[in-house]
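A quick write-up on the structure given underneath.
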Number of protein chains: 2
Amino acid sequence: MNLQSKKNKQELNPNVSVDCVIFGFDLDQLYVLLIDSGSNEAFSQARMAVPGDLIFDTENLDEAATRVLKELTSIENIYLEQIGAFGDPNRIGKKESDREWLEAIRAQPEARVITVAYYSLVRMPNFNPKASSFAKSAGWAPVKEVFDLAFDHYEILQAGLKQLRRKIKIQPIGFNLLPEKFTLSQLHKLYECILDKELDKRNFRRKILNLNILTNLDEKQVGVPHKPSQLFEFNEENYKKLSKEGFDNFGF
Amino acid sequence: MNLQSKKNKQELNPNVSVDCVIFGFDLDQLYVLLIDSGSNEAFSQARMAVPGDLIFDTENLDEAATRVLKELTSIENIYLEQIGAFGDPNRIGKKESDREWLEAIRAQPEARVITVAYYSLVRMPNFNPKASSFAKSAGWAPVKEVFDLAFDHYEILQAGLKQLRRKIKIQPIGFNLLPEKFTLSQLHKLYECILDKELDKRNFRRKILNLNILTNLDEKQVGVPHKPSQLFEFNEENYKKLSKEGFDNFGF
DNA sequence: TTTGATAGTGTTCAAAAGACACATAGCTAT
DNA sequence: ATAGCTATGTGTCTTTTGAACACTATCAAA
């Protein structure tokens, strides 16, 4: 979100932005990365937003989203997918706090801006080993505890969540949220968190293993105070084969 | 596409347009509504485009799409759904013919424009009783015969088709393409056309009837040179009940 | 009255989904 | 060392859903 970046200010398109709903998972619950307006005032979710920026006239939308992500997380090759465009004429600037923020960061705070929303999935520990609280200027918030955001970002978050839920039933994108090596229980928990419902353990394991996209590493967890679990990794090759044949339902 | 409409030219946002992929069905195949650049030169699909326009700064994206649709078809209350945003910096103006067209219709033909694409479903006879050929300035083209379009509209068409295919498996939106009263064979044919594959007749009928969203009108086709078919209509009430319970798979 | 064209109808088999309970392995605390 | 805690890992049965398949019925036209 740095207006004084290498690129010239004039190249920023005043009417089009991208916003990124960045999801993370800490093996316990689903998080979303939020930034706040930097105000000193009392905490309020209405001041938090998902990261975004106006686009440059030289980049396409995916590139703009990738740039925003990289500036914030320094991670490249992140899973990224468009949610859609949001363009209510009053989508920004409805709230008093929105306007203050806009005046601080935008050369033309009154411009009508439509935004193209993306969601992305990151391995939380790779970016930030601890989930920060709302009080920080950028931090992870549990998705379940977010009820309001700046601008129309709450609506965007919900749309992103909806699309993630739909997508995860169709393609195994959830691995982007897990460490390289993970247990079936962790994967199971991830699906339950995203879909927000319980899934039968045995049925889940059967189904996911039958897809043949997991490699059993013949390696076990160590140091856990219970029976250690087998570790698995995502098998990219088998997945690609599967994708080509056009599977389109996990059935969760 | 009239720049001299009631609204003032200045209100047109130079950077954002909407484009509408309008699908129609004539009980035999699926069509898409295309307009051409009005040139006198030899026919070329590369001169055809789906209807669209820059948005006004006072309207939201859905309203802009609705306006474009209404200007072209005079139909309101059309089924409309966003496909997504397309924003390659070179998406318009790559082809020579694109640039000619842009210069004719745009106040700022060089501006970088991102577009928000929609698809909509209309009852063809309500709008235009005959499918016009490509030669007309606005007409229906069989989707299967479209291989190239102006700008990035071919890509947009394919994205719309993909979304329509996905959606029709999940929600019974196909009725928007059929007359109020229709036969099961017509519905069957519609699904086959959209999904581009054969569906077993008996299985299709069983499944669609089990959804309980059709009312048998106890009325038959007349004047057909074969056994006349029962007429049905879409049962909005039952569908709403069903939607609330959240059914999400027809399973075609 | 024969022909051509589409409507309409059930059963059987295979595959997938859903429900369900107990023994196991490692750590920890005593 | 042993008892207890905790999460792992495993199989069967039932129900539901999907897929394959062929013949008779009705109307109009020739």
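Each chain gets a letter, A, B and so on, in the order the sequences are listed, and its residues count up from 1.
- With rounding to whole Å, Lys169(B) atom NZ is found 16 Å from dT17(D) atom C1'.
- Residue Ser185(A) is classed as a sugar-phosphate contact, given heavy-atom separations below 4.0 Å to backbone atoms only.
- Summarising the geometry, the separation between NE2 on His188(A) and C1' on dG9(D) is reported as 13 Å, rounded to the nearest angstrom.
- Taking atom NZ of Lys220(A) as the reference point, atom C1' of dC27(C) lies 14 Å away to the nearest angstrom.
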When you look at Leu184(A) and Leu209(A), which way does the side chain to side chain contact (heavy atoms under 4.5 Å, CB included) test go after all the steps? CA-CA 9 Å; Leu184(A) 287 183; Leu209(A) 287 174; 4.1 Å; yes
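- One can place CG of Leu211(A) at 13 Å from C1' of dA16(C), the figure rounded to the nearest angstrom.
- The separation between Asn216(B) atom CG and dA7(C) atom P is 14 Å, rounded to whole Å.
- The shortest distance between the side-chain N/O atoms of Ser229(B) and the OP1/OP2 oxygens of dG8(C) is below 4.0 Å.
- Side chain of His153(B) to backbone of Val50(B): a donor-acceptor contact under 3.5 angstrom is found.
- A side-chain donor-acceptor contact under 3.5 Å links Arg123(B) to the backbone of Leu178(B).
- Counting any heavy atom pair closer than 4.0 Å across all strands shown, Gln221(B) reaches no nucleic acid atom.
- For the pair Arg206(B) and Pro225(B), both in contact range of DNA chain D, the more 5′-proximal nearest nucleotide belongs to Arg206(B).
- Checked by distance alone, Lys201(A) brings a side-chain donor or acceptor within 3.5 Å of a matching partner on the base of dG9(D).
- Each of Gly223(A) and Leu184(B) lies near DNA chain C, and the nucleotide nearest Leu184(B) is the one positioned closer to the 5' end.
- Not a single donor-acceptor pair, N or O on each side, falls under 3.5 Å between the base of dA19(D) and the side chain of Arg202(B).
- Between the base of dA17(C) and the side chain of Asp200(A) there is no donor-acceptor pair shorter than 3.5 Å.
- Each of dG26(C), dG8(C), dA20(D) was ranked by its minimum atom distance to the side chain of Gln230(B); first place goes to dG8(C).
- Arg67(B) and Glu71(B) are joined by a salt bridge, as a carboxylate oxygen and a charged side-chain nitrogen come within less than 4.0 angstrom of each other.
- Remark: P of dT8(D) and CZ of Phe182(A) are 14 Å apart, rounded to the nearest angstrom.
- dG18(D) atom C1' lies 17 Å from atom CD of Glu198(B), rounded to whole Å.
- Considering only side-chain atoms of His226(B), the nucleotide from dC27(C), dA28(D), dC27(D) that sits closest is dC27(D).
- If you look at Phe175(B) and Tyr79(B), their ring centroids are not closer than 6.0 Å.
- Distance, Lys227(A) NZ to dA25(C) P: 6 Å, rounded to whole Å.
- Contact annotation: Lys207(A) reaches the phosphate of dG18(C) (side-chain N/O to OP1 or OP2, under 4.0 Å).
- For Asn203(A), the listed nucleotide lying nearest its side chain is dG18(C); candidates were dG8(C), dG18(C), dA19(D).
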